Number of protein chains: 2
Amino acid sequence: MVRARSEERRADILRAALEVIAERGYRGATLGSVAERVGLTQQGLLHYYPTKEALLVAVLEERDRWDTSGGRDREGWRLDLLESLVEYNAMRAGIVQTFSALLGESVTDGHPAREFFTERYAQVRANMADVLRLEFGERLPGGLTPERAAPLLTAVMDGLQYQWLLDPAAVDMPGAFRDFLRLLHGSGGRG
Amino acid sequence: MVRARSEERRADILRAALEVIAERGYRGATLGSVAERVGLTQQGLLHYYPTKEALLVAVLEERDRWDTSGGRDREGWRLDLLESLVEYNAMRAGIVQTFSALLGESVTDGHPAREFFTERYAQVRANMADVLRLEFGERLPGGLTPERAAPLLTAVMDGLQYQWLLDPAAVDMPGAFRDFLRLLHGSGGRG
DNA sequence: CCTCACCTACCTGTAGATCGGTAGGTGACG
DNA sequence: CGTCACCTACCGATCTACAGGTAGGTGAGG
């Protein structure tokens with residue numbers, strides 16, 4: 001089973017790449033350091049992924065596969081599943097850090113992950129709108145529509161991640177996210 | 001007026017550094033490209049800022065000066081001033097991009113801007129809490145306190161910036177921010 | 001004439017990538 | 001069943017390109 005061995009290697013490499021990118025970002029990551037983690041030389045790594053960018057693409061594709069296999073765009077999430085996702089993320093700083101670092105880099109000119117994130121966020125917003133519609137129908141507090149609230153929901157998740165990564169002790173990410181959901185439910189009204 | 005000339009140069013360099021960091025992030029930025037933009041050689045630049053990190057520090061310090069001169073922590077903002085800030089940012093993609101890129105990088109291990117952002121966000125949250133307290137008193141919709149809502153307000157601003165930078169046409173940043181404020185005001189209730 | 005503002009020349013390190021190999025396996029065929 | 005062609009999975013050496021930083025100037029102005 002040469003094939004299987006090869007696939008396993010590739011998976012190992014992707015895992016290592018995830019780690020290294022989390023630690024140093026894509027630009028700061030080196031092929032050598034990824035290779036070292038899998039017990040290969042840089043040249044050995046290039047046998048599997050011919051360029052650094054190809055490796056990044058593979059990482060992003062795996063992310064996509066992971067997201068969608070979680071059921072994200074098959075039949076969509078529900079709000080309480082989003083809550084669980086945030087809780088899950090709070091235990092997986094590594095992955096969060098990888099993609100937060102990549103998102104940050106991706107806004108720079110000509111970054112290889114830029115297109116990926118642009119498309120991804122369009123999709124995520126559409127998804128969030130569905131989730132919100134499922135939960136609230138057409139009308140949300142503040143006179144918002146699901147489409148108008150979707151970018152906010154997305155923004156809160158991302159923004160909280162940065163604050164949490166910078167200072168995990170100072171920010172209760174899942175708690176804050178629940179707070180936001182409470183805000184959406186409009187429960188309690190005012191003072 | 002040699003002094004003045006020198007200060008002017010430094011200001012030019014900082015401006016150029018802002019630009020280059022926006023385009024390529026800190027790690028991707030090179031001293032040479034910053035220098036070129038001011039009409040200097042790389043070594044000429046090093047005359048003013050002896051290391052790359054010193055240049056970054058200067059950039060961050062200038063940001064701090066800019067923020068605080070705007071009145072941020074002197075006597076604090078009010079919510080409607082935050083709204084104007086977001087509108088202002090929407091016309092200054094360059095600066096937003098610079099600091100979004102830096103924020104993203106800063107979550108990676110040992111990044112020179114990490115401490116800056118960590119402290120900064122603690123301060124920003126405290127500030128936001130003040131703003132919210134001024135506007136709402138102790139009780140916000142959803143039973144939130146100003147302290148609990150502050151990370152959310154912060155997260156929304158940052159998160160929207162990323163979405164907007166990735167696809168300005170798809171996200172109306174100031175509009176979305178106003179939506180969030182409406183949510184905070186709890187106006188409209190449900191249905 | 002001395003100091004500030006720069007430049008030329010240069011060093012060292014490192015990154016991504018290419019080239020040319022080698023060792024081990026696999027499959028076809030006489 | 002053996003051997004020859006060929007493939008996979010690598011490694012060592014090496015190339016090219018910068019990058020950041022140092023050392024030692026030069027020239028203009030005060």
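Throughout, protein chains are lettered first and strands after them, A, B, ... in sequence-line order, and every chain is numbered starting at 1. This structure is a prediction, so every number in the text was calculated from the model and none was measured.
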> Base, sugar-phosphate alone, or nothing: which one does B:Ala54 contact when heavy atoms must sit under 4.0 Å apart?
nothing
> Applying ring pair (Phe, Tyr, Trp, His ring centres under 6.0 Å), can you list everything that pairs with A:Phe117, at least two apart in sequence or on another chain?
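Partners of A:Phe117 by the ring pair (Phe, Tyr, Trp, His ring centres under 6.0 Å) criterion come out as none, since no residue qualifies.
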> Hey, does the side chain of B:Thr51 come within less than 4.0 Å of D:dG20's phosphate (OP1/OP2), counting only N and O?
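So the side chain of B:Thr51 is outside the cut-off, no N or O lying under 4.0 Å from OP1 or OP2 of D:dG20.
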> Counting any heavy atom closer than 4.0 Å, what does A:Ala29 reach on the DNA or RNA strands: base, sugar-phosphate only, or nothing?
sugar-phosphate
> Using a 3.5 Å distance criterion without hydrogens, assess whether the side chain of B:Thr98 forms a donor-acceptor pair with backbone atoms of B:Leu18.
yes
> CD of B:Gln43: more than 12 outside heavy atoms within 6.0 angstrom?
yes
> Indicate, with a heavy-atom threshold strictly under 4.0 Å, whether B:Leu46 touches base, sugar-phosphate, or nothing.
base
> Would a single hydrophobic cluster contain both B:Ile95 and B:Val59, if residues Ile, Leu, Val, Met, Phe, Trp and Tyr are joined by side-chain heavy-atom contacts under 4.5 Å?
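Linked within one cluster.
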> Side-chain donor-acceptor pair under 3.5 Å between B:Gln163 and A:Asp158, yes or no?
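Short answer, no.
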> Does OP1 or OP2 of C:dC4 have a side-chain N or O of B:Arg9 closer than 4.0 Å?
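Answer no for this pair, as no side-chain N or O of B:Arg9 is under 4.0 Å from OP1 or OP2.
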> Taking salt bridge (Lys or Arg N to Asp or Glu O under 4.0 Å) as the cut-off, I'd like each qualifying pair that reaches into residues 142-151 of chain A, sequence neighbours left out, listed once.
A:Arg133-A:Glu147, A:Arg148-B:Asp179
> Contacts to DNA chain D from residues 105-115 of chain B, heavy-atom cutoff under 4.0 Å, which residues?
none
> Under the side-chain hydrogen bond (donor to acceptor under 3.5 Å, both in side chains) criterion, do B:Thr108 and B:Arg114 qualify, and how do the steps go?
CA-CA 8 Å; B:Thr108 61; B:Arg114 174 153 202 165; over 6 Å; no
> Under the ring pair (Phe, Tyr, Trp, His ring centres under 6.0 Å) test, which residues partner B:Tyr162, sequence neighbours left out?
A:Tyr162
> Does a nitrogen or oxygen in the side chain of A:His47 sit under 4.0 Å from OP1 or OP2 of D:dC10?
no
> Salt bridge or not for A:Glu62 and A:Arg15, using N-O below 4.0 Å?
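Looking at A:Arg15 together with A:Glu62, the answer is no, because their closest N to O distance does not fall below 4.0 Å.
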> What's the closest nucleotide to the side chain of B:Gln42 if the choices are C:dA17, D:dG20, D:dG12?
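Nearest nucleotide to the side chain: D:dG20.
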> Tell me, which of residues 14-25 of chain B have any heavy atom that sits under 4.0 Å from an atom in DNA chain C?
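None - not one residue of the stretch has a heavy atom sitting under 4.0 Å from the strand.
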> Show me the protein contacts with nucleotides 9-13 of chain C, counting only N or O atoms at under 3.5 Å.
unit_1, atom_1, unit_2, atom_2, d
C:dA9, N6, B:Gln43, NE2, 2.8

